[in-house]
Amino acid sequence: MREVAVVGVGMHKWGELWETSIRDMFVMAARNAMNDAGVDNIDSMYIGCMSGGLFAAQEHLASMLADYLGVLPAAAARVETACASAGLAVRMGWMEVASGISDIVLVGGVEKMTDITGDEATFALSTAADTEYEGYSGVTFPGLYAMMANAHMAKYGTTLEQLSQVSVKNHANGALNPEAQYPFPVSLETVMNSTKVAEPLRLLHCSPITDGAAAVILCPVELAKTKFKDHPLVVITGSGHATDTIALHSRADFTTIKAAEVAAKKAYAMAGVGPADIDFAEVHDCFTIAEIMVTEAIGFFEPGQGGPACERGETARDGSKPINTSGGLKSKGHPVGATGAAQIIEITRQLRGEAGKRQLKNPRRGLAQNMGGSGGSSLVHILEVR
Amino acid sequence: MPDVGIVGYGAKIPRYRIKAESIALTWGADAENYKKGLQLKEKSVPALDQDTITLAVEAAKYALKRAGIDGSKIGAAYVGSESHPYAVKPTGTILSEAIGATPECHTADFEFACKAGSEAMYVVYAQVKAELIEYGLGIGADTSQGAPGDALEYSASAGAAAYVFGTKDIIAKVDYTYAFMTDTPDFWRREHEHYPQHAGRFTGEPAYFKHTLGAANGIMKKAGMTADDFDFAVFHQPNGKFPMAAGKRLGFPREKVETGWLVPWLGNTYSGASPLGLSAVLDVAKPGNRILMVSFGSGAGSDAFIFTVTDRILEVQDKAPKTRKQLDENKIYLDYGRYAKFRGKILRNS
Amino acid sequence: MKIRSPRYHRETPQRYRLEAAKTKSGDVYFPPRVYYPGGQTAEPFKMSDTGTVLTFTVIHTPPPEYSDLAPYALGIVELDGGGRITTQIVDVDPAEVKIGMRVKVEFRKIRTEGSEGLLCYGYKVVPE
């Protein structure tokens, strides 16, 4: 198996992009990634998109995007595992390069979420749950994570303040990210008094509805060493992917994300490292409780300690385990099918020393955790700079 | 032919209520007119997720519980209502599916204003009597509507009562039945209209009293009985005044009518009205008690039953929630705004 | 999105009667499956109509078809004797819902497909 390098990254300013179509958003991000790598063509591409059909009434995206990107007749596929779709695209591209089938593979994701009403978007997102046995009850995604939050609070004493601190921290990070949808700080008071969405979660505990795309160029490390020497060499050293029941009610424990735990174990084993060896991470904070639960699941903190750790500042940029320096899904935005690729972009930029005002001091190894649904799927990637 | 009777019964009353004062305040009326004059203090309101079908299903489940039989034993299920949720598609199929009576079950939806519930009981009784089926369900259920501001708005309410009839383990044997009916245009609702029309004071003497008293006198004559032979009498109760007046004219002392007199706090549950009254009587009845039940439906007609309670009544009374308990406890009061929303009385974009 | 007849009809044994399956080892699967983990066999199992709230939320921003009901409590309920459902908790002030609360199942209207479409029924729970 060949080692795989990240040689190009690109996205664009995320937000409510009323004037930009799904195809244009993707091409903007993809061309930025290709320019960053210095390539004009690719062998193949994998695009994560949760629901081109429900959000944009457009299926068969892979061919359309390959066409508008100007890379026909390159192989192209859309992949889907709800909000972890782009994480899956990264893994598929990594496998294709590692196996020796292709050399230059573009992986990324795109979601156009504002062409439909907020209600319709709520419904489209809810299809990532079990439509017949969860969705039919009238549950929403905030509702599913709210039920996890209530269970976590009851079991571990996690507090509303801790759930809110995650949002405060991520907005503080996102304020330094020019590509973030909401690049401004928020106060604890503002978060705690924001509109109720699904108790105990309020609006500012929830990631927003976002239009956006992100893309990454992968190639074999040996090729990167000879042809792509403009940036420090960033290598994917671990990739893990796991599933769990789609329905939250089918799980033995609502206070942990088993799929993230298993995916992280696989990625750690492949990279030959453990949680202590990771300098920083981008995790899937679709709701602030998710960040708390994931930092526990990937072994950064003991079960129940994710909230207190955030409250103590351990997950801030100057803490021992910086989490979501990009602003996370909360501040940067969450175009569901693109998020996993944007996480790889932030890890790469930090490792390269290109993260601008939010740059960490000489990080060597970062982890990206992307999640589908209420934890029905998760992907974990570990990246190192050499 | 075998003895046939009720082997299980169940009642379902929604938790929501609205007081006469809240309705009167909205329309500039005097609540005392309704509370004192018509004896209508408050009424039940179905929740947004309750309709005739859901109320009928819950009542039927309680009835099966008291009967101690599985839904699959039900050979016929008839639901009487003037508020069947679909114009075309049976209430009975959904009900039968929900209680597990399908597919070997005969079903039909009945409509006869407030008489449809007793009609369902009447037909099920006849089917069991004819030995066509072992058990059958007769249900009266409604989420009736009165036009905003109309006198009917103070009474039109929601509830259901279900009766399993059979030949084994009877709790109240049917001794006599009797039906009395004419064509009388006292109250109607045309297709596609939201609210019924009524003929004001014409709904009293020529409609309610003529048929209720006609059926009551008819069945007592058939049985060779008088008011003295009964422990309880249940009449259709469109308001608090009418059933009491009917009882008095038939020679029933007030206390024999009061047990099944729910309307001041429940409102008129239409097809559910006299069946719910009967359920409240069965909740407290003792072995050997004799009960007269007379329904009334506009249009117009009355069904009458005479029941004799058996020893088994004492075994089943506590097996499901009692009617008065549902009526008196855990009430949630609505203001007129929420009531109007619940009942779909607010103009909205589709 | 509208629920069309075939899909609605297919789910009625579960929605109307809580029909599940139970394996020899006592695990309850709701809905029943074509294949059970480990190749176990399972028998039809009708879940109980009483249970306990394991966790819950109060939904303030519902999907479109549920907007008239908001705010509504919704939880995961473990039914007595096994099996779990995600369901609305109704006939109660949402502020009174608690983990560990005892509830019973009722047949309710779940959603209405406009003024012309299907009326969709199923289970909800109310305080016991």
Side-chain angles (χ1 to χ4, degrees), chain A residues 51 53-54 57 116-127 129-155 194-203 205-206 209 245-255 287 289 374, chain C residues 1-3 7-8 10-12 14-15 18 20 27-31 33 37 51 53-79 83-90 94-95 97-100 108 110-111 120-125:
Chain A
S51 192
L54 292 175
I116 56 176
T117 65
D119 276 359
E120 289 165 342
T122 298
F123 168 74
L125 290 168
S126 78
T127 64
D130 183 330
T131 303
E132 306 291 10
Y133 292 95
E134 292 184 303
Y136 189 69
S137 73
V139 77
T140 58
F141 256 91
L144 289 167
Y145 278 94
M147 290 198 283
M148 293 189 235
N150 266 338
H152 204 271
M153 292 164 103
K155 183 169 179 183
S194 57
T195 308
K196 287 176 185 172
V197 172
E199 294 178 46
L201 301 180
R202 290 170 179 259
L203 187 64
H205 297 121
C206 307
I209 298 284
T245 65
I246 187 166
L248 179 64
H249 61 236
S250 301
R251 297 185 204 150
D253 186 353
F254 308 139
T255 62
F287 303 93
I289 182 63
S374 61
Chain C
M1 198 185 74
K2 278 195 175 167
I3 295 174
R7 187 170 186 172
Y8 182 72
R10 194 160 56 230
E11 303 297 332
T12 52
Q14 283 70 52
R15 299 261 165 79
L18 292 171
D27 296 330
V28 174
Y29 287 88
F30 180 73
R33 300 183 174 200
V53 173
L54 298 181
T55 186
F56 72 98
T57 179
V58 180
I59 303 277
H60 290 266
T61 56
E65 292 82 359
Y66 301 79
S67 57
D68 283 357
L69 303 170
Y72 52 86
L74 185 147
I76 295 176
V77 171
E78 175 118 53
L79 296 169
R84 288 179 184 171
I85 52 175
T86 296
T87 178
Q88 282 180 34
I89 306 163
V90 297
V97 175
K98 289 187 172 51
I99 290 174
R108 296 278 175 141
I110 304 297
R111 49 186 275 175
C120 303
Y121 296 90
Y123 48 81
K124 291 190 183 184
V125 296

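These values consider heavy atoms only, across backbone and side chains, with no hydrogens, waters or symmetry-generated copies. All chains are named by letter (A, B, ...) in the order of the sequence lines, taking the proteins before the strands, and each is independently numbered beginning at 1.
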Inset, instruction - Please state whether the side chain, the backbone, both or neither of A:S137 comes within less than 4.5 Å of a heavy atom of chain C. - result: both
Legend entry - Region of A:T140 in contact with chain C, defined by heavy-atom distances below 4.5 Å: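 For A:T140, heavy atoms of backbone and side chain both lie under 4.5 Å from chain C.
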Main-chain N/O of [Y] paired to [X] side chain as donor or acceptor, under 3.5 Å:
{"X": "C:R84", "Y": "A:R251", "answer": "yes"}
{"X": "C:T55", "Y": "A:M147", "answer": "yes"}
{"X": "A:Y136", "Y": "C:T87", "answer": "no"}

Inset, instruction - Would you indicate whether the side-chain heavy atoms of C:T86 and A:L248 approach each other to under 4.5 Å? - result: no
Legend entry - Results of ring pair (Phe, Tyr, Trp, His ring centres under 6.0 Å) for C:Y72 - residues two or more places apart only: none
Inset, instruction - For C:Y8, enumerate each residue passing the ring pair (Phe, Tyr, Trp, His ring centres under 6.0 Å) test, keeping only those at least two apart in sequence or located in another chain. - result: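 Expected list: none.
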Under 4.5 Å heavy-atom distance to chain A, tell me which part of [X] shows up: side chain, backbone, both or neither.
{"X": "C:P64", "result": "both"}
{"X": "C:L74", "result": "both"}
{"X": "C:L69", "result": "neither"}

Legend entry - Closest non-hydrogen atom pair, C:P63 against A:G138: CD-O, 3.7 Å
Legend entry - Winner by heavy-atom pair count (cut-off under 4.5 Å) against chain A, out of C:K124, C:E78, C:E11, C:Q88: C:E11
Legend entry - Full working for side-chain contact (heavy atoms from CB on, under 4.5 Å) between C:F56 and A:E199: CA-CA 9 Å; C:F56 72 98; A:E199 294 178 46; over 6 Å; no
